[in-house]
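This report concerns only the one structure given below.
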Amino acid sequence: MQATFKVHRYDPEAGGKPTSQPYTLDLPEDATVLDGLFKIREELDGTLAFRASCNRGFCGECTLRINRGGRLACMTRVATAKNKDGEITVEPTRFVRVLKDLVYDVDRQLWQKIKAVEPWLQPNGGVQPEHEHIIPDEQLRAVRNAMKCYYCGLCDEGCSVIPFDNTFLGPTALTKAYRFIADPRDHAQAHRLRLVGEPKGMWDCVHCYEADEHCPRGIDPTARIIDIREKAVAMGVKSGATNPQVARHYDSFAASVKKTGWLDEGRLALETWGMRRIFGLLPVAWRAFRRGKLPIPYRHPKRPGAERIRRIFEKAERRPS
Amino acid sequence: MKVAFYPGCVSRGGCPELYPSAVKVAAQLGLELEELTDVGCNGAGVLSREVSDPINARTFAKAEARGLSTVMTICSTCTGVMGQANIKLREDASYRERINREFLADEGLAYRGTVAVKHLLWILHEEYGLDRLKTAVKRPLRGVKVSPFYGCYIRRPDAIIEGKPQRKQYLERVIEAVGAEVVDFGGKGRCCGFPILTANETNSMAMVAAHTGEAKGKGADCMVTPCPLCHLNLDGAQPKAEAQTGAPIGLPILHLPQLIGLGLGFSSEELHLKRHIVPTANVAEKVQLLT
Amino acid sequence: MVQFHPLGIRGSGMILTEALLGLGGYLANSSGERFALKHAPAVGERAPRDIVARAAEEEIVSGRAEFVALDLRHLDGDDLKRRLSLTSHVIKTQAGVDPAKETVPVRPVAHRTMGGLLVGPDGATGVAGLFATGGCAATGVHGANGLGGNWLLEALVFGERAGLAAAQKEPPSAKGIEAQLEDERRRIAGLGDRPAGAERAGAIRSELGRLMRRHVGPLRDASGLKEAGNKISELSARYRQVGITNKGQRYNYELAAFLELESLLTVGGVIVAAAGFRDESRGAHYRQDRPTRDDARWLAHTVASFRPEGPAMTSKPVVITKWKPEGRRY
């Protein structure tokens, strides 16, 4: 089978601009993109730089953009990836400094963000060193699922927020935070939730579920981020110190559903931002009024069934999680 | 065909143009809606599931009690949130039983797991039939260029698609069915930024500007979305997005029932097209000239 | 000594955990026979790794098949998925097989070494100031047949000892080796000046891998080992004809692969020499021309020392205190 690899080449130290270099290869039918890259380096061009390790989808090293989508090169078959002209585009991941060709700065992109969530167990005296701390299998199962993460960075690569703001912690680091928050041996939950509750943390996630679509290990990072947000709400640690409007937003949303059965958006805007920002909201309110979106007098009636909704709400909030 | 109708909160709140348009269009198509009037907000991805799962189980039980097996939504977020809740309630019998016992029993309700949650967009394809929709179109929107914007919750996670990858093309097919031209663009399945309007307005506005800007740059006359929360950002916050990036956009955003309604022959007044922040006059005029 | 694992899956060669056999999985040849019972009538597939690997290799060679069949169809599928979720995932995605419905094609693959650099109990090697521990070191704890889990244990125990010992020792003066370091630096830098040769490192590496598996696998004999030794000399000569096309100083993977290949050829040569030197069978080392264990002559570690003309082989007696060697009957 023939295929043409169009490979991103760039050496920042040699100067010049990034280019796309084509290599046409003969490969076996079941070859992977990584097989192709090795063949290029061994037989056609020894100057090509790319990272790879296990070649089996088990280490996360060979994360690349293949045909403009984040993939593991060793798990992507050439036969299915090539287009009708027999071409495959291979590039490094986006928004990260390229060190050479397909090798990018993983340290800055992933490791620094992971370090920021304090990725070590904090038993805080809750575990006695004299004997084993046995955790029932049921409890540890969720943690073990998150521990499967091998930092391939595919979830960050597919994230909706990171292309707009690479200071967002991102799904990889937030999944790491989940791993410790959910670990019964860790006793720093409130501290961790406050830490990742700060701006650029878990409340900056748009829960678009792209991360879940991209994770090759079935960890579902988006669902993990939602888990820790719900944990924060349950523990009353709804946001960090510098973004209190997030907590106010949740409380207001919950309050209007509890009271009337449905969401009161006007109240939500006011209570989220408070009287200090009311002037910022006036142009929006004025535009809405002029377009007939803001009824005067503003009414938000209780819906039938509101009492039932309120009772469900109170019962659920009282239930130990 | 008869379905249970769940209008959600925003269709009568921040997007009051949506509810009457949806009702009019359903009536015209012969889709019988039985509105669930005494159910609550599904949580919209904001409320924790320990609170929203029982509220949603109650909604489904109410539909069952009326002998209805489909709950129709007109919001991508409602579809996704309620759809995910329904998947869990249907597949985990012991969870469903606990919810029934602790939260619904005292009202004499119990959810048996027989309901399907479907957006109007899915019902049009899967139950009503696109050919039937085409015959109902009285004023094909020839020459009107429309970009589709889905809203994340109607596309992901994968479980929501229920094994039907064609659901990720439904909006384009409806645009074509009403005679309009699809202007495809990269952002159609991406996030509008609404969920972080509170937490990070800068990023939220950047997303609005990127997606509307891209569609406009590709020649779209307007954008259509099946999600009123996306609409609040793409339309309601478009001026703010323009101010942030310093680049004018001016792309009108239509709700799905409004686009279909124009094709069925309703006037722009009947579809409340003036109740948008970004003026829809250009599109309305273009359509008017077709008559 | 090299340990071979019986459960390398088709395609990637990735190793499946023996727990699959421990949970009751069968190994069958193309006639459907559970061949492990011939070699270990009492425990069958739960026999030690070397016995199962050798049995599978014999079936493959004599049956002229490529694989043997790992049969998990009779096991509780849900239990398997729950207990070994990662393994189930690997079987599906790497072997493309649903273990509930089909058998999994497997064959013995090289797994790890039982030996390495000769070290003392605190990890000190024969080179002053150089400590070695873990898979690259020979502490003697694995003998001729390492048990699953013991490498991790070894790394924890001896790794700590080596680390502490290294920390307490005064590092030798760098002056002694500075000249050597400078030579090596110049040598590596000079590699870029070699003319582009007719040989490619990748091709030599592939040939080395194939010949090692053929002649120095679970089943060995004197003539095969001699052939392997000759071939390695040939490959080493060809290695000296390899040119480096990448002159860069950063992320030069071509140069790194070239330097690694030299080590592969050296270590390959040592393994072949040692396998030829030990003319008996013991644990993972099986000589078809010397199939019995010879405790009288070979209750000993083999030691290879570097000589320019090839490794010089000697032996060191094993110290027996409490547990005397017995026959292996399963």
Side-chain angles (χ1 to χ4, degrees), chain A residues 160-161 163-165 168 199-200 203-210 212-213 220 222-223 226 229-230 233-234 239 243 245-246 248-250 253-254 256-257 260-266 272-273 283-284 287-288 291-293 295 300 303-306 308-313 315-317 319 321, chain B residues 8-10 12-17 37-41 43-55 58 62 80 102-104 106-107 152-153 155-158 160 190-200 202-204 206-207 210 232 236-237 239-240 272 274-277 279:
Chain A
S160 290
V161 176
F164 293 95
D165 180 359
F168 172 49
K200 307 310 171 97
W203 298 107
D204 272 53
C205 166
V206 291
H207 40 92
C208 62
Y209 288 97
E210 287 282 9
D212 289 10
E213 301 267 282
D220 291 338
T222 309
I226 290 173
R229 282 161 60 135
E230 291 192 351
V233 167
S239 50
N243 52 352
Q245 78 276 15
V246 170
R248 287 197 298 258
H249 180 268
Y250 187 93
F253 197 114
S256 61
V257 174
T260 64
W262 58 306
L263 175 64
D264 182 343
E265 288 146 271
T272 298
W273 293 109
V284 181
R287 269 198 293 264
R291 298 282 194 271
K293 276 179 182 268
H300 184 82
R303 289 267 171 80
R308 294 284 179 182
I309 304 295
R310 186 179 59 76
R311 251 187 269 161
I312 288 179
F313 220 114
K315 200 166 191 187
E317 282 179 325
R319 200 177 184 281
S321 47
Chain B
C9 305
V10 176
R12 274 173 298 189
C15 289
E17 64 278 5
T37 50
D38 56 349
V39 294
C41 167
V46 173
L47 295 181
S48 294
R49 284 161 299 179
E50 66 172 359
V51 158
S52 62
D53 275 355
I55 294 176
R58 180 174 176 279
K62 286 270 181 182
E102 288 184 23
F103 297 99
L104 305 191
D106 64 354
E107 208 181 335
C152 300
Y153 271 78
R155 291 170 76 88
R156 293 180 295 273
D158 199 54
I160 284 296
R190 309 237 62 164
C191 181
C192 66
F194 183 78
I196 50 169
L197 189 55
T198 303
N200 194 320
T202 309
N203 288 351
S204 184
M207 292 179 185
L232 283 177
K240 204 162 210 170
H272 306 279
K274 286 218 174 89
R275 272 178 161 179
H276 291 214
I277 299 298

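Reminder, nothing fancy here: chain letters follow the sequence lines and each chain counts from 1.
Comment: B/K62 engages B/E107 in a salt bridge, judged by a side-chain N to carboxylate O separation of less than 4.0 angstrom.
Interface remark: A/V161 contributes backbone and side-chain atoms alike to the contact with chain B (heavy atom separation under 4.5 Å). Proximity to chain A (any heavy atom under 4.5 Å) is shown, for B/E102, by both the backbone and the side chain. Using a 4.5 Å cut-off between heavy atoms, A/V257 touches chain B through its side chain atoms alone. For A/H207, the parts lying under 4.5 angstrom from a heavy atom of chain B are both the backbone and the side chain. Using a 4.5 Å cut-off between heavy atoms, B/P157 contacts chain A through both its backbone and its side chain. Contacts of B/V39 with chain A are made by backbone atoms alone, with heavy-atom separations under 4.5 Å and no side-chain atom involved. With a threshold of 4.5 angstrom between heavy atoms, B/Y153 approaches chain A through side-chain atoms but not through N, CA, C or O. Looking at A/R303, the atoms closer than 4.5 Å to chain B (heavy atoms on both sides) all sit in the side chain, from C-beta outward. For a residue to count as touching a neighbouring chain, one of its non-hydrogen atoms must lie under 4.5 Å from one of that chain's; by this rule B/L232 touches chain A with the side chain only. In this structure, chain A has no heavy atom under 4.5 Å from any part of B/C192. Contacts between B/R49 and chain A at a heavy-atom distance below 4.5 Å involve backbone atoms as well as side-chain atoms. For A/Q245, the parts lying near chain B are the backbone and the side chain together; criterion is any non-hydrogen pair under 4.5 Å. With a threshold of 4.5 angstrom between heavy atoms, B/D53 does not approach chain A through any atom at all. The contact between B/H276 and chain A is made entirely by backbone atoms, counting heavy-atom distances below 4.5 Å. Within the 4.5 angstrom heavy-atom criterion, atoms from both the backbone and the side chain of A/S160 approach chain B.
Side-chain atoms of A/T260 come within 3.5 Å of backbone N or O of A/W262 as a donor-acceptor pair. Distance alone, capped at 3.5 Å, places no donor-acceptor pair between the B/S52 side chain and the B/G43 backbone. A donor-acceptor contact shorter than 3.5 Å is absent between the side chain of A/D220 and the backbone of A/T222.
Contacts with chain B were tallied for A/V206, A/V246, A/I226, A/T272; A/V206 has the most, counting heavy-atom pairs under 4.5 Å. If you tally non-hydrogen atom pairs under 4.5 Å between each of B/K240, B/H272, B/R155, B/R12 and chain A, the highest count goes to B/R12. Counting heavy-atom pairs closer than 4.5 Å to chain B, the top residue among A/K315, A/K200, A/R308 is A/R308. Among the candidates A/I312, A/I309, A/D165, A/N243, the residue making the largest number of heavy-atom pairs closer than 4.5 Å to chain B is A/I312. Note on B/S48, B/C41, B/G40: by heavy-atom pairs under 4.5 Å with chain A, the leading option is B/S48. Of the listed residues (B/L104, B/D106, B/T37, B/I196), the greatest number of heavy-atom pairs within a distance under 4.5 Å of chain A belongs to B/I196. For the set B/I55, B/D38, B/I277, B/V51, the count of heavy-atom pairs under 4.5 angstrom toward chain A peaks at B/I277. Chain B forms the most heavy-atom pairs under 4.5 Å with one residue out of A/R311, A/E210, A/H300, A/E317, and that residue is A/E210. Counting heavy-atom pairs closer than 4.5 Å to chain A, the top-ranked of the candidates B/C152, B/G8, B/G45 is B/C152.
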One pair to check against side chain to side chain contact (heavy atoms under 4.5 Å, CB included): A/W203 and A/R229. What are the steps and the verdict?
CA-CA 8 Å; A/W203 298 107; A/R229 282 161 60 135; 3.6 Å; yes
Under the side chain to side chain contact (heavy atoms under 4.5 Å, CB included) criterion, do A/E213 and B/D158 qualify, and how do the steps go?
CA-CA 7 Å; A/E213 301 267 282; B/D158 199 54; 3.5 Å; yes
From CA spacing to verdict: side chain to side chain contact (heavy atoms under 4.5 Å, CB included), A/Y250, B/L47
CA-CA 7 Å; A/Y250 187 93; B/L47 295 181; 3.9 Å; yes
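Annotation: the span from B/M207 atom CE to A/C208 atom SG amounts to 8.0 Å, rounded to 0.5 Å. Distance check, rounded to the nearest 0.5 Å: SG of A/C205 to CG of B/N200 gives 12.0 Å.
Aromatic rings of A/H249 and A/W273 (six-membered ring for Trp) have centroids beyond the 6.0 Å cut-off, not under it.
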